[in-house]
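Heads up, the thing below is written out as structure tokens.
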Amino acid sequence: MPATLPVPIEFRLPYGWLPAKPNAVATDEVAFAAVHPHPDAGFAANITIDGGIPTQAETLADLADASVERLRHAADSAVEVTHRREVGPPDGPALTQHLAFSASIRDARRDLIQSQVYLSLQDVTDSHERAVIRLALTTTANQHDSVLAEFQEFVRTVRPGSGAGA
């Protein structure tokens, strides 16, 4: 997980979730990943965190659309946006979306759901600059409802960090 976030954040993992081993994540865009302790049918639900600095013209919806396209290529299947909603005040907008897709994992096709939250964080020194942090929960379709509340609890703990280290 060699990626770094554009701004420091702090968060608390849900009880029982474990930080993933750095070599367990198949993408170099992820800054942090955690796994659920109880896999479903050989797939461990996971939470990932990544982020970047969008252009001033890019909206959260644009970033979410781009994420859907990347997932289509990675999953090699159709990706259905089953829910999308923009929330929050103008100075701190957020976007949530749920994606349904299938992927081959360990020689078996799995129906998966990814819940994504995009958080827009303004630069404290320059209000015209912002960073976007994406939080994602990926689960099997069967396990999604049982871990979604834990992901929502995790999202509520995400805060701008001091950058002083953990």
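- Nearest heavy-atom pair across Leu99 and Thr82 is N-OG1, 4.4 Å.
- Across every non-hydrogen atom of Ala136 and Phe151, the tightest pair is C-CE1, 3.9 Å.
- Put simply, the side chain of Ser115 reaches to within 4.5 Å of the side chain of Leu148, judged on heavy atoms.
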Check against side-chain contact (heavy atoms from CB on, under 4.5 Å), Val68 and Val81: CA-CA 8 Å; Val68 171; Val81 178; 3.8 Å; yes
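- For residues 31-43, the set of pairs meeting the side-chain hydrogen bond (donor to acceptor under 3.5 Å, both in side chains) definition, not counting sequence neighbours, comprises Asp40-Thr140.
- Between atom CD of residue Gln116 and atom OG1 of residue Thr48 there is a gap of 8.0 Å, rounded to the nearest 0.5 Å.
- Annotation for Tyr118: hydrophobic cluster partners, listed by chain and number, are Leu60, Leu63, Leu95, Val132 (ILVMFWY side-chain heavy atoms under 4.5 Å, direct or chained).
- Counting non-hydrogen atoms of other residues, nucleotides and ligands closer than 6.0 Å to CZ of Arg85 gives a total of 12 or fewer.
- Taking all atoms of both residues into account, the shortest heavy-atom contact from Gly51 to Pro6 is C-CD, 3.8 Å.
- Each of Arg72, Arg134, Gln114 was scored for a side-chain hydrogen bond (donor to acceptor under 3.5 Å, both in side chains) with Ser67, with one residue passing: Arg134.
- Every salt bridge (charged side-chain N to carboxylate O under 4.0 Å, His left out) that Asp65 has, sequence neighbours left out, goes to Arg84.
- Within 6.0 Å of the CD atom in Glu69, the count of heavy atoms belonging to other residues, nucleotides or ligands exceeds 12.
- By the neighbour-count criterion of 12 heavy atoms within 6.0 Å, atom CZ of Arg12 is sparsely surrounded, having that number or fewer from other residues, nucleotides or ligands.
- Within the model, atoms CZ of Arg130 and CD1 of Ile53 stand 9.5 Å from one another, a figure rounded to the nearest 0.5 Å.
- The side-chain contact (heavy atoms from CB on, under 4.5 Å) search around Pro14 returns Trp17, Ile47, Glu150, Glu153, Phe154, not counting sequence neighbours.
- Applying the ring pair (Phe, Tyr, Trp, His ring centres under 6.0 Å) definition to pairs two or more places apart or across chains, those involving residues 72-91 are His83-His98.
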Stepwise side-chain contact (heavy atoms from CB on, under 4.5 Å) test for Phe43 and Leu112: CA-CA 10 Å; Phe43 182 84; Leu112 301 175; 4.1 Å; yes
Step-by-step side-chain contact (heavy atoms from CB on, under 4.5 Å) determination, Asp50 to Phe32: CA-CA 7 Å; Asp50 61 55; Phe32 179 83; over 6 Å; no
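- A heavy-atom distance below 4.5 Å is found between the side chains of Val7 and Ile133.
- Shortest non-hydrogen contact noted between Pro39 and Pro37 is CD-O, 3.4 Å.
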Residue pair Asp111, Asn142: steps toward the side-chain contact (heavy atoms from CB on, under 4.5 Å) verdict: CA-CA 8 Å; Asp111 291 332; Asn142 290 336; over 6 Å; no
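- Here the closest heavy-atom approach between residue Asp62 and residue Ala57 is recorded as OD2-O, 3.8 Å.
- For the residue pair Leu13 and Ala34, the shortest heavy atom distance occurs at CD2-CB, 3.6 Å.
- Both Leu119 and Ile9 are part of a single hydrophobic cluster, where members link through side-chain heavy atoms under 4.5 Å apart.
- Arg110 places a side-chain N or O within donor-acceptor distance of the main-chain N or O of Ala41, the cut-off being under 3.5 Å.
- With side-chain heavy atoms closer than 4.5 Å counting as contact, directly or through intermediates, the hydrophobic cluster containing Leu18 also holds Val35.
- The backbone N or O of Ser102 sits less than 3.5 Å from a side-chain atom of Ser77, completing a donor-acceptor pair.
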